Amino acid sequence: MGQLSKKDVLLQIEKLRKELNDQYKVQSSITPELLELSVKLDLLLNKLHLHP
């Protein structure tokens, strides 16, 4: 698999974040899995913004 561009990574993160939000609406509770995923997404976003 080739190197993803920053834009590709950002799009994937946004997609995952949307999935996360959709799951939260359905479950209306935060499971440890959802929380962990949210934290991972935030860390990825921070890495991208720190290293343009």
Side-chain angles (χ1 to χ4, degrees):
M1 206 161 130
Q3 187 73 16
L4 290 173
S5 73
K6 185 175 176 180
K7 186 177 178 185
D8 291 334
V9 175
L10 281 170
L11 286 172
Q12 285 187 0
I13 291 173
E14 289 304 318
K15 186 179 162 203
L16 282 173
R17 179 144 281 187
K18 185 183 184 311
E19 276 181 40
L20 191 69
N21 288 339
D22 291 346
Q23 277 189 14
Y24 176 69
K25 285 175 192 164
V26 171
Q27 295 183 12
S28 72
S29 67
I30 296 182
T31 63
E33 293 81 13
L34 286 178
L35 187 59
E36 187 181 345
L37 186 55
S38 182
V39 168
K40 285 180 182 176
L41 284 171
D42 287 342
L43 289 173
L44 276 174
L45 278 171
N46 288 339
K47 279 186 188 175
L48 282 172
H49 292 301
L50 290 174
H51 305 288

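Reckoned from all heavy atoms, side chains included, excluding hydrogens, waters and symmetry mates. Sequence positions, counted from 1, serve as the residue numbers for this chain. Quantities reported herein were computed from a predicted structural model and do not represent experimental measurements.
One finds a salt bridge joining Glu36 and Lys40 here, because a Lys/Arg side-chain nitrogen approaches an Asp/Glu carboxylate oxygen to under 4.0 Å.
Residues satisfying the side chain to side chain donor-acceptor pair (under 3.5 Å) test with Lys15, not counting sequence neighbours, are none. For Glu33, the salt bridge (Lys or Arg N to Asp or Glu O under 4.0 Å) test picks out no residue, with sequence neighbours left out. Partners of Leu44 by side chain to side chain contact (heavy atoms under 4.5 Å, CB included), not counting sequence neighbours, listed by chain and number: Ile13. Shown here are the side chain to side chain contact (heavy atoms under 4.5 Å, CB included) partners of Leu16, two or more places apart in sequence or in another chain: Glu19, Leu41. With sequence neighbours excluded, no residue forms a salt bridge (Lys or Arg N to Asp or Glu O under 4.0 Å) with Asp8.
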Salt bridge (charged side-chain N to carboxylate O under 4.0 Å, His left out) between Asp22 and Arg17, intermediate numbers included: CA-CA 9 Å; Asp22 291 346; Arg17 179 144 281 187; over 6 Å; no

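Counting side-chain heavy-atom gaps under 4.5 Å among Ile, Leu, Val, Met, Phe, Trp and Tyr, the cluster of Val39 also holds Leu43.
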